[in-house]
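A quick write-up on the structure given underneath.
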Amino acid sequence: MEEREDAMSIAVKICGLKTPEDAHVAIQAGADLLGCVFFPPSPRNVSAKQAAEVFDMVGDADVLKVGLFVNPSDDELMSVLNQVRLDLIQFHGDESPERVEEVRQTFGLPVMKALPIETTEDVEKARTYDGVADRLLFDAKPPKGATRPGGNAIAFDWSLLRDTQWTVPWMLAGGLTVDNVLDAVKQSGCKAVDVSSGVEAEKGVKSPELIEAFLKAVKG
Ligand SMILES: O=C(O)c1ccccc1N[C@@H]1O[C@H](COP(=O)(O)O)[C@@H](O)[C@H]1O
């Protein structure tokens with residue numbers, strides 16, 4: 001019962017959406033944030049036009065529209081932002097704290113910085129972004145030879161985050177599924193989760209049933 005009460009206030013981001021239909025399912029099921037990936041090597045990559053169609057589904061709903069980028073140039077950001085109305089930029093590459101601050105100032109949008117975690121030292125390294133980025137997102141370190149820095153369906157030791165203190169809101173990501181998400185919330189103490197692979201029928205193809213089941217598991 002205690003776990004259920006904790007879980008009910010957890011925010012959920014469904015990432016890697018490619019179709020308005022999947023966005024509709026996620027919104028109806030209670031997602032708080034939706035993400036589109038602008039990273040060509042990813043099986044979830046979308047064009048700005050596709051992302052605009054996905055995010056059109058949000059309408060007046062209280063849902064944040066997130067654009068995920070990996071080490072983008074200003075021109076790349078500008079090109080997307082000219083065509084898509086985003087609420088939050090997610091940086092999932094090697095962007096420095098200075099680059100995060102520069103993009104916040106240049107584009108006038110909040111930035112969520114993803115940070116790869118495997119050890120306690122990684123958690124401590126993440127502190128250089130606390131208070132610089134508007135939000136933090138803790139994800140598993142990608143495996144050697146990975147073609148992308150996230151979206152690899154890999155989890156890490158969630159308890160590394162337990163009882164850590166941050167000045168900005170943070171999210172947990174990495175290998176979350178309907179079966180492990182409540183355990184992940186409990187072990188990490190997070191108030192928000194992000195999922196992509198765990199709600200897919202196959203790589204890059206979202207499953208409406210898994211999106212609904214994931215949100216039901218978290219929100220009750
Ligand atoms: O989803 C991708 O393809 C991706 C590409 C490049 C950087 C990040 C990416 N995804 C993000 O990674 C985490 C964890 O995803 P998963 O649930 O383990 O698949 C999440 O923030 C995704 O949005």
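Both counts, for ligands and for their atoms, begin at 1 and track the order of listing. The structure presented is a predicted model; accordingly, all values stated were derived computationally and were not measured.
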Could you check [atom] against the protein and tell me its nearest heavy-atom contact, residue, atom and distance included?
{"atom": "atom 17 (O) of ligand 1", "value": "Ser196 N, 3.0 Å"}
{"atom": "atom 12 (O) of ligand 1", "value": "Gly151 N, 2.8 Å"}
{"atom": "atom 21 (O) of ligand 1", "value": "Asp194 OD2, 2.5 Å"}
{"atom": "atom 4 (C) of ligand 1", "value": "Gly150 O, 3.4 Å"}
{"atom": "atom 19 (O) of ligand 1", "value": "Ser197 OG, 2.4 Å"}
{"atom": "atom 13 (C) of ligand 1", "value": "Asp139 OD2, 3.3 Å"}
{"atom": "atom 23 (O) of ligand 1", "value": "Cys15 SG, 2.9 Å"}
{"atom": "atom 2 (C) of ligand 1", "value": "Arg44 NH1, 3.2 Å"}

Ligand-side contact atoms (ligand 1) for residue partner [X], heavy atom cut-off under 4.0 Å:
{"X": "His92", "answer": "7 (C), 8 (C), 11 (C), 12 (O), 13 (C), 21 (O)"}
{"X": "Gln90", "answer": "21 (O)"}
{"X": "Ser42", "answer": "2 (C), 3 (O)"}
{"X": "Leu68", "answer": "7 (C), 8 (C), 9 (C), 10 (N), 11 (C), 23 (O)"}

Considering non-hydrogen atoms only, spot the tightest contact between [X] and [Y] and give its length.
{"X": "Arg148", "Y": "Pro43", "result": "NH1-CD, 3.6 Å"}
{"X": "Ala201", "Y": "Ser207", "result": "N-CB, 3.8 Å"}
{"X": "Ala184", "Y": "Leu176", "result": "CB-CD2, 3.6 Å"}
{"X": "Ile89", "Y": "Val103", "result": "CD1-CG1, 3.9 Å"}

Main-chain N/O of Thr120 paired to Glu124 side chain as donor or acceptor, under 3.5 Å: no
Looking only at atom types and distance, does a side-chain atom of Asp22 sit under 3.5 Å from a main-chain N or O of Gly16, one as donor and one as acceptor?
no
Item to check | Residues Lys13 and Ser196: side-chain donor-acceptor under 3.5 angstrom | outcome: no
| said: Can a side-chain donor-acceptor contact be found between Thr119 and Asp122 if the only test is distance below 3.5 angstrom? | reply: yes
Any N/O pair Gly175/ligand 1 closer than 3.5 Å: yes
Next item on the list: Could you tell me whether Glu53 and Lys49 make a salt bridge, using a distance below 4.0 angstrom between a side-chain N and a carboxylate O?
Entry: yes
Does [X] reach ligand 1, in the sense of a heavy atom lying below 4.0 Å from it?
{"X": "Pro149", "value": "yes"}
{"X": "Met171", "value": "no"}
{"X": "Ala153", "value": "yes"}

task = For the residue pair Trp166 and Phe138, categorise the inter-ring angle as parallel (less than 30°), tilted (30 to 60°) or perpendicular (more than 60°).
result = tilted
